[in-house]
Amino acid sequence: MAGCTWCGGDVTRSSTGRPRRFCSDEHRKAWHQRVKTLRRQVDHYKDLGAANAEPYRSYWLSCAADAQAELTNLS
Ligand SMILES: [Zn+2]
């Protein structure tokens, strides 16, 4: 994958030659924060889906699917 995982901007190559995933420390932190939030949301929405009857179940499960999709995009 080319560019910063967070903003898609240029990433400077590290001295070890290992490709970096982020253009800056801020973006690495922002990404971690977002991933953490999304993971929590997925679990939370799934719990709500399990705890509620239709039509709320479908609603919460689609929220969980959306959060999961964004999580997959970010990983
Ligand atoms: Zn960036």
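The structure displayed is predicted, hence computed values, not measured ones. Values below: all heavy atoms of this structure, side chains included; hydrogens, waters and symmetry mates excluded.
Alongside Val11, the hydrophobic cluster contains no other residue (criterion: ILVMFWY side chains under 4.5 Å).
Cluster annotation: Val35 and Trp6 are assigned to the same hydrophobic cluster (Ile/Leu/Val/Met/Phe/Trp/Tyr, side-chain heavy-atom contacts under 4.5 Å, transitive).
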Kindly list each side-chain donor-acceptor pair under 3.5 angstrom involving residues 60-71, sequence neighbours excluded, with atom names and distances?
| from | atom 1 | to | atom 2 | distance (Å) |
| --- | --- | --- | --- | --- |
| Ser62 | OG | Tyr59 | O | 3.1 |
| Glu70 | OE1 | Arg34 | NH2 | 3.1 |
| Glu70 | OE2 | Arg34 | NE | 3.1 |
| Glu70 | OE2 | Arg34 | NH2 | 3.1 |

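Checked against the 6.0 Å centroid threshold, Phe22 and Trp31 count as a close aromatic pair.
To the nearest 0.5 Å, atom CZ of residue Arg39 and atom CG of residue Asp43 are 10.0 Å apart. Atoms CG and CD, from Leu38 and Gln33 in turn, are 10.5 Å apart once rounded to the nearest 0.5 Å.
Taking each heavy atom of Leu74 and Thr5 in turn, the nearest pair found is O-CG2, 3.4 Å. Contact record, Ser75 with Arg21: C-NH2, 3.9 Å, taken as the closest heavy-atom pair. Closest heavy-atom contact between Cys4 and His27: SG-ND1, 3.7 Å.
Asp25 pairs by the side chain to side chain contact (heavy atoms under 4.5 Å, CB included) definition with Arg28, Lys29, not counting sequence neighbours.
Between Gln41 and Thr37, the side chains place no donor N or O within less than 3.5 Å of an acceptor N or O (distance only, hydrogens not considered).
Within 6.0 Å of the NE2 atom in His32, the count of heavy atoms belonging to other residues, nucleotides or ligands exceeds 12.
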